[in-house]
Every structure is written in structure tokens, then in C-alpha cells.
Peer 1: 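I have a structure here, written as C-alpha cells, and I will follow up with some questions on it.
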Amino acid sequence: MISAITASTTNIFSQYTQNEGIFRDKKFLSSSFIPQSILHREQEIQQITAVLAPILKGYSPNNVFIYGTCGTGKTICTRFVLNQLAEISKNKITTIYVNCKMKKVADTEYRLFSQMLKELNEFVPDTGLPTDVLYRRFFAKIEERKTHVIIVLDEIDALLKKVGDEFLYNLTRINSELSKSHISIIGITNDLSCRDHLDSRVKSSLSEEEIMFKPYNALQLRDILSSRAKMGFRENTLADGALSKCAALAAQEHGDARRALDLLRVAGEIAERLGENTVQETHVDMAEHKINIDRLTEAVRSQPKQSQAVLYSAIVLDRRNKSQKKWADSRMLTGDLYDNYKALCEKNGLQALTQRRVSDLISELDMLGIISAKIISKGRHGRTREITLEMTENTLEKVEKLLVERFE
DNA sequence: AGTCCACAGGAAGGGCAGGCGA
DNA sequence: TCGCCTGCCCTTCCTGTGGACT
């Protein structure tokens, strides 16, 4: 029996290695790959370059705020320009890149400075030091460099929402205390209203320059995909319709190039797994479906147990409402959900949280796009949130299966 | 116009785990 | 070892809110 299994797996592996496959090199289909030239972003690249160019003559560049929705090339263009700048200046410039949305990495002031120090090869403990000690170490490290330091704060809105703008004020003030070095800040955000929430003193010092990235249209996305596909796929392995479909689907989602690349790569993986020689439109459909399911199930899986309990209560309530009201009305309110959640906790021996805390968990699930919670007023019957599940039936089944194992 | 409901959500602070330095 | 600092998760207390009802 064992030898039979071994023989079959050996067969699969040898088939896999013998088959040339669809991909030439998958890294070219990754959104983090920075190509030699970036299509349809010439103007934006020029704008970033113009802001940073004074560095080459020894002047301090202005701080800059870059806006644009997801996948419009803000990060890649910034990194592209910084790479070029580093090359021309013969690495006399220090760049620090931090993604402020990364949970447990840079989602608090302490973690941001800890992460920036890490980029400067100074390691500090995850917790335990007073913040001003981190500030001092950061100043010292910057001063030690005796160069221009460009700090790129990607998804800066996430951090601003969480900890306020005090850290930005402190960062912009550093220059007055430095004598041998200089700091410039590039803030990248997809929240267009982000700037409006800044304190006026921060606003004036940070938003000296502003650059806006418009979404790509389907034709532009097609160009981008086509150039990446030439590098990423072997010849004649990609049907023309598949490429157009990826571009069209991503264009529908506010011109998101990252999404287009993901679709193309996953479609290729699906085709390869099915033993096909070319990627077809059907594979793109399957990829879209897979990406949606994977994104949501992964988000649910990584939630703490209490959040999962809240979500499971919502699913149970949704199922009950649908069966009782015969699909007519599956809306649920915060109060109903909380009662259901408390019952679930009791059944599972879980300490129930207060309604205040559950209200925050509902907001977090809403932010993740797993549920939708809309505030409504029921007049004399108070104000509450109307909650609906934001999942297709297939995804819901997968998520439910995952949660049933934990709570039933 | 005033009242009332059922929350939303801000602010403050408690408790815990963990690191640092005297 | 102890005091002080941090982040994180949570509770308690409080004010604000929109629209139906009186």
C-alpha cells in the first residue's frame, strides 16, 4: 500500500518537473515587482522626481502627500523613483519604507519608530521602552548618517486614524534639531479625506506638495498586464481573451492594477494545476472566485475568537431569519446580534464581552468587508446598526464550516 | 415642540504581559 | 527585584443622535 502511494506521488512530481508549465517566472506577475519602466504613470513619476530632485544638489526636498485609490501605482512609482535616486546619488541617500497598515508592525507610534529603527539596523524590543527613548535613538541614528533621509509612510491614513497626528508633528519637527542630516516625508494614502483630519500645523508642514494618482482604465490595465505577461508567461500560454478579462474585471474595481495582476497570476496557477496548456477566460472566472473566497476565509481565520463568535452569531441569526421569513428579510440589528452572541458564549463557556466592545468588533468586521453595518434610526425604537453579511453563498458556506468546528 | 428609545461611539482607566535600567 | 514604561484588550461611564410617537 505504502509503496503504491509512493509510486503515485513520485509520478505526480516527475510529471510536474517534466512539464514545462505555463509560467516563465512568476515574480514578474507579483504586484511588488518593480519593472524597468512603469506604463501610464509618466506624469506622476515626473512629479515625484521633481519634488525629490533638489536632493541631488544638496537641497532639502519638500515633504509630499500622495493620494490615489488602491492599485493605482502610488507605491510602485515612489519606489521606482527612489531606486533611481539611490542609483544616481550613489547610495548617498537613506530611504526608510514603512507600511503603516501592517498589523503588529507599524500600527502604533511605538511600533512605527521601532520599525524605522529596524530599517536603520538598530533593533529595539517590541515593548518596554518609553517612546521618548525611541525618539532619541531615532534622532541619533539619523544624525549619525549625515545624509538626506526619505521616510515613506505607506497607508499613512491607517496610522493617523489609530494614533492621531502627533507623531507626524514630531517627525516634521526633527529637522530643526538635526544639524548633519535632513528628513523628508512621503505620505501615501488611498483616503482622499485623510488630509482634512490633520492638525493645521501638521498640514502646513507635511502637505507642502501633493500628487494625485488617477485610477487606470481598462485599456491601460491591459497594457500593463500585457507587458508583465510577456515576462511572466511562456509563449502561447495565455489566451488574449483571458488577459482582457482580467483588465476588465480590475477596471470595474476602480482600476486596481494589483487586483488585475493577482487575477492573472491565480488564473495561471489554476490552469497549470488543471494540466492545461493555456490560460483561458474560464480560468480567470475561477481565479476571481478563488481570490474572493480566499481573502474572506483568511480574514475570518485570522480573527480572534471573540470576533469569530460575533461573526458566527451573525451567520446563525441570518440563517434563522431567512428560514423564518422565507428569504424576505434577513436584516439583523445590534441588539439581536448581541443576544445571540451571549447565548453562544454561554453554550461554549466563553466569557461574553460587553455590548460596547461587541459594537467595536462589529465595526472591525465591517471594515474588513465581511459584514456590512449601516446605522439606521427606528424612530421611537431607537438608533441601531442594521447588519447584513457581505458574502456570496459559496464563501458563506466555507466560512460557516470553519466556524462550526469552533463553536458547535 | 418635547419626549423617548436603543443604541453609537468617545474618553478614561483597569489589568495584564513583557522589557529596561537602577 | 522593583518601579516604570509600553501595547493591548477590555469595561465603565457618559454624551450624542435620528426619527417615531405624544
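For the numbers below, each heavy atom of this structure counts, side chains included, while hydrogens, waters and symmetry mates do not.
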Peer 1: Angle between the two end axes of the helix from B:dA1-C:dT22 to B:dA22-C:dT1, five base pairs per end, rounded to 10 degrees?
Peer 2: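 Between the axes fitted at each end of the helix from B:dA1-C:dT22 to B:dA22-C:dT1 lies an angle of 30°.
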Peer 1: Using the side chain to side chain contact (heavy atoms under 4.5 Å, CB included) rule, pick out the option among A:Leu153, A:Val152, A:Asn99, A:Ile156 that qualifies with A:Ile188.
Peer 2: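 That would be A:Val152; it is the only one of A:Leu153, A:Val152, A:Asn99, A:Ile156 passing the side chain to side chain contact (heavy atoms under 4.5 Å, CB included) with A:Ile188.
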Peer 1: To the nearest Å, give me how far apart CD1 (A:Ile362) and P (B:dA6) are.
Peer 2: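 Between P of B:dA6 and CD1 of A:Ile362: 17 Å.
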Peer 1: Decide yes or no on salt bridge (Lys or Arg N to Asp or Glu O under 4.0 Å) for A:Asp262 and A:Arg265, but give the supporting numbers first.
Peer 2: CA-CA 5 Å; A:Asp262 284 346; A:Arg265 194 189 61 252; 3.1 Å; yes
Peer 1: Show me the protein contacts with nucleotides 14-18 of chain C, counting only N or O atoms at under 3.5 Å.
Peer 2:
residue, atom, partner, partner atom, Å
C:dT17, O2, A:Arg383, NE, 2.8
C:dG18, N2, A:Gly379, O, 2.9
C:dG18, N3, A:Ser377, OG, 3.2

Peer 1: I need the minimum non-hydrogen distance between A:Tyr341 and A:Leu353, along with the two atoms involved.
Peer 2: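 Reported closest heavy-atom pair: OH-N, 2.9 Å.
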Peer 1: A:Ile375 has an atom CD1; how far is it from atom P of B:dC5, in whole Å?
Peer 2: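 My rounded result for the distance is 20 Å.
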Peer 1: Respond yes when some side-chain nitrogen or oxygen of A:Thr334 is under 4.0 Å from OP1 or OP2 of B:dA8, and no when none is.
Peer 2: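 Answer yes for this pair, as a side-chain N or O of A:Thr334 is under 4.0 Å from OP1 or OP2.
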Peer 1: To the nearest Å, how far apart are A:Gln303 CD and C:dC9 P?
Peer 2: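 Nearest whole value for this atom pair: 11 Å.
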Peer 1: Check the distance between B:dG15's P and A:Arg357's CZ and give it to me in whole angstrom.
Peer 2: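 After rounding, the reported distance stands at 18 Å.
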Peer 1: Check the distance between B:dG9's P and A:Leu361's CG and give it to me in whole angstrom.
Peer 2: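 So the CG-P distance, A:Leu361 to B:dG9, works out to 13 Å.
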Peer 1: Between A:Arg24 and A:Thr237, do the side chains contain a donor N or O and an acceptor N or O under 3.5 Å apart?
Peer 2: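 There is no such pair (donor and acceptor under 3.5 Å, judged by atom type) between the side chains of A:Thr237 and A:Arg24.
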Peer 1: Go through C:dC10, C:dG7, B:dG21 for me and flag the one nearest to the A:Arg137 side chain.
Peer 2: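 Of the options given, the side chain of A:Arg137 lies nearest B:dG21.
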Peer 1: Please tell me if the side chains of A:Lys378 and A:Leu333 come closer than 4.5 Å, counting only heavy atoms from C-beta onward.
Peer 2: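 Heavy-atom side-chain distance check passes, below 4.5 Å.
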Peer 1: By the ring pair (Phe, Tyr, Trp, His ring centres under 6.0 Å) test, which pairs, at least two apart or in different chains, include something from residues 388-408 of chain A?
Peer 2: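 Matches after skipping sequence neighbours: A:Tyr312-A:Phe407.
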Peer 1: Please tell me whether A:Thr94 and A:Thr147 have a donor and an acceptor in their side chains that are separated by less than 3.5 angstrom.
Peer 2: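 Judged by distance alone, the side chains do pair up.
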Peer 1: Measure CD1/A:Ile387 against P/B:dA6 and give the value in whole Å, please.
Peer 2: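 Roughly 16 Å, once rounded to whole Å.
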Peer 1: Could you check whether any side-chain heavy atom of A:Asp154 comes within less than 4.5 Å of a side-chain heavy atom of A:Val98, counting everything from C-beta outward?
Peer 2: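 No, too far: nothing below the 4.5 Å cut-off.
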Peer 1: Roughly how far apart are A:Leu317 CG and A:Leu389 CG, rounded to 0.5 Å?
Peer 2: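 Result: 9.0 Å between the selected atoms.
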Peer 1: Please report the distance, rounded to the nearest Å, between OH in A:Tyr338 and P in C:dT11.
Peer 2: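 Taking OH of A:Tyr338 and P of C:dT11, I get 8 Å after rounding.
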Peer 1: Rounding to an integer number of Å, can you tell me how far A:Arg356 CZ sits from C:dC13 P?
Peer 2: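 Whole-Å distance recorded here is 14 Å.
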